[in-house]
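Structure record follows, encoded as structure tokens.
Model, not experiment: these values are computed from the prediction.
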Amino acid sequence: MNQLLIGLYAVWMLMVAYKGNSSAALAQIQKDAPGFLPWLVSVIVLSLLYDNPSTQKAVKPFLFLIVLVFVLQNFPTLKVEFQRIYSGATNPTTKATTVP
């Protein structure tokens, strides 16, 4: 559970660094929360259950299903974003210059 909290804090810090201030990061979280909150709650509940050694084997398939359903529901968006990232990587906007 501590690792999850550290991970959430790291994501928070990245958002603040990207947006420039915490109020903009809070506004982004409020905008994304309705769609993302159920996924976050389910992952937190399953991670709490995973900490108990007697329930680890039962939780693993559910974690896989959460990731699978999340990817399938968001596949069009993910596909567009990955294509954008790939095209940006293959077609850089600036060319490197060599120093003689």
Reference residue Asn74; test side chain to side chain contact (heavy atoms under 4.5 Å, CB included); the match among Leu72, Val71, Leu78: Leu78
Rounded distance [0.5 Å steps], CG in Leu37 versus CD in Gln30: 12.0 Å
Phe75-Val80 co-clustered via ILVMFWY side chain contacts under 4.5 Å: no
Separation of Ile44 CD1 from Leu49 CG (nearest 0.5 Å): 12.0 Å
Which atom of Tyr50 lies closest to which atom of Thr55, heavy atoms considered: N-OG1, 4.4 Å
Partners meeting side chain to side chain donor-acceptor pair (under 3.5 Å) with Ser54 (sequence neighbours left out): Asn52
Leu63 side, atom CG; Ser42 side, atom OG - distance, nearest 0.5 Å: 8.5 Å
